[in-house]
Amino acid sequence: MKRWILFVTLGLALGWGLFWVWSAYGLKTEIATWFVERRAEGWQAEYDDLSVRGFPSRLDVTLTGVRLFDPEQDTGWDAPFLQVLGLTYKPGHRILVWPETQQLKLPQGTVQIDSTGLRASVIHTAEGQILRANLEARRLRIDGLGKPLNLSDLSLGLQQVPDLPDSYRLGLQANPGTEPAPTLDPALQLQAEIRFDQPWTLGATSDQRPQPRLIDLRKAAYQAGKLQLDLTGTLSVDAQGRGDGTLTLRAENWRDLLAQAREAGQLPDSLAKPLENGLTLVTGLQGNANRLDLPLRFDRGQLSLGVIPLGKAPSLTLP
């Protein structure tokens, strides 16, 4: 009887070992094939090494020397490593771990990302449709697009709305950075529900990205020093990425916002002074010179703040 139990135990162990080897080989082949397919599409898609470890209960992938660049979108990413961690018996749940230093290439320039504890959790169906994703970081610094952004205790969540596979709830919470030098780093909050033209999948970064079609912005708050900025409202978005609708803008100490935009080169001097004069007149009529409470209107690609035209609205297309 004891010998029979031993044979069964050895058989189960051998079977599980073969299953793990088969799963690890399949996962490694799938990732390598993804890179080959991207290169066939004209991407730069390279890595120095690909390994799968974690026997017997885990399938942990480590890629080193990762380099990706999509010439069509003029976007890319470089990192010394990327880890994708998961349990063998839970294939629909993955954890991603990024290095402390990485680079993101955008049409506007190269962005340097420095972080501590930057990781994400993704839950998806067998077909690869994303049901829920969460990203967190104890510290995050983004430098390269104007003034550096320093955040701490970052938490970002994406959850598919039940029975609406193309709609997602988006939430963001972040505190100011904890750099020793005095800064005006912001505290951020965001709550929104966004309907896309298709559901998000694991292959969305390489295939045609889902694009927003309806944005229900329930709360967007930005606070830096004495500046407090809040946005709420709903926008529809057409196939060209043009928003249509109205957001309610509330700003405390709005002159600080104009000053920051000028210092960062985001607001030309030729526009800053007329805009400040117009907003001074409007807020004076409202009875509070430091508080701004106006509709921010998107109309066929144009943007206006109250009765003040601001010019071309930013595109709401995801790169």
Side-chain angles (χ1 to χ4, degrees), residues 1-70 76-100 102 115 117-137 156-160 162 165-166 168 198-210:
M1 185 67 177
K2 292 181 180 180
R3 184 176 299 178
W4 177 81
I5 294 176
L6 177 62
F7 287 150
V8 170
T9 302
L10 290 175
L12 291 173
L14 178 61
W16 182 258
L18 292 174
F19 172 75
W20 188 93
V21 171
W22 175 80
S23 299
Y25 175 80
L27 182 58
K28 191 172 183 178
T29 301
E30 180 181 350
I31 294 173
T33 300
W34 186 90
F35 276 81
V36 171
E37 290 174 347
R38 300 293 77 75
R39 289 195 291 270
E41 294 174 355
W43 286 38
Q44 178 190 5
E46 303 169 348
Y47 57 83
D48 294 337
D49 185 63
L50 167 60
S51 63
V52 181
R53 296 184 174 88
F55 180 82
S57 61
R58 303 189 61 85
L59 285 169
D60 295 342
V61 176
T62 299
L63 288 157
T64 60
V66 188
R67 297 171 293 278
L68 295 172
F69 182 73
D70 179 358
W77 174 63
D78 293 318
F81 73 85
L82 173 68
Q83 289 184 309
V84 184
L85 314 177
L87 296 170
T88 310
Y89 51 87
K90 292 180 68 175
H93 187 188
R94 292 285 182 262
I95 295 174
L96 286 75
V97 179
W98 285 275
E100 292 189 350
Q102 54 188 306
S115 63
L118 180 59
R119 60 179 58 207
S121 173
V122 180
I123 296 177
H124 58 87
T125 65
E127 295 76 23
Q129 189 174 124
I130 295 176
L131 302 177
R132 187 166 70 250
N134 296 283
L135 182 142
E136 63 179 27
L156 175 65
L158 181 74
Q159 183 173 2
Q160 190 179 69
D166 58 354
Y168 291 82
Q198 58 182 313
W200 278 90
T201 66
L202 295 177
T205 55
S206 57
D207 299 330
Q208 185 176 1
R209 280 83 161 172

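Note that the OG1 atom of T125 and the CG atom of L202 stand 8.0 Å from one another [nearest 0.5 Å]. With rounding to the nearest 0.5 angstrom, the CG atom of L27 is 11.0 Å from the CH2 atom of W22. The distance from atom CD1 of I130 to atom NE2 of H124, rounded to the nearest 0.5 Å, is 8.5 Å. Rounding to the nearest 0.5 Å places CZ of R38 at 10.5 Å from OG1 of T33. Atom CG of L63 and atom CZ of F81 lie 11.0 Å apart (nearest 0.5 Å). Put simply, OH on Y168 and CD on Q159 are 10.5 Å apart, with the number rounded to the nearest 0.5 Å.
None of W34, W77, F35 except one satisfies the ring pair (Phe, Tyr, Trp, His ring centres under 6.0 Å) rule with Y47; the exception is F35.
Looking only at distances, no side-chain donor or acceptor of S121 sits under 3.5 Å from a matching main-chain atom of I95. Although no hydrogens or angles enter the test, the distance criterion places a donor-acceptor pair under 3.5 Å between the side chain of Q160 and the main chain of P165. With hydrogens and angles ignored, the 3.5 Å screen pairs no side-chain donor or acceptor of R67 with any backbone N or O of E46.
Residues P210 and P199 share a closest heavy-atom pair of CG-O, 3.6 Å. What you find for P56 and T88 is that their closest heavy atoms are O-OG1, 3.8 Å. Nearest approach of L59 to S23, heavy atoms of both residues: CD1-CB, 3.9 Å. Considering every non-hydrogen atom in both T62 and Q83, the closest pair reads OG1-NE2, 3.4 Å. Summarising the geometry of V84 relative to R94, their closest heavy-atom pair is CG1-CD, 3.7 Å, with the distance given to 0.1 Å. What you find for L118 and A137 is that their closest heavy atoms are CD1-CB, 3.9 Å.
No more than 12 heavy atoms of other residues, nucleotides or ligands sit less than 6.0 Å from atom CZ of R53.
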side-chain contact (heavy atoms from CB on, under 4.5 Å) between H93 and L87, intermediate numbers included: CA-CA 8 Å; H93 187 188; L87 296 170; over 6 Å; no
Could you go through D166 and Q198, starting from their C-alpha distance and side-chain angles, then the distance that decides it, and tell me whether this counts as side-chain contact (heavy atoms from CB on, under 4.5 Å)? CA-CA 5 Å; D166 58 354; Q198 58 182 313; 5.9 Å; no
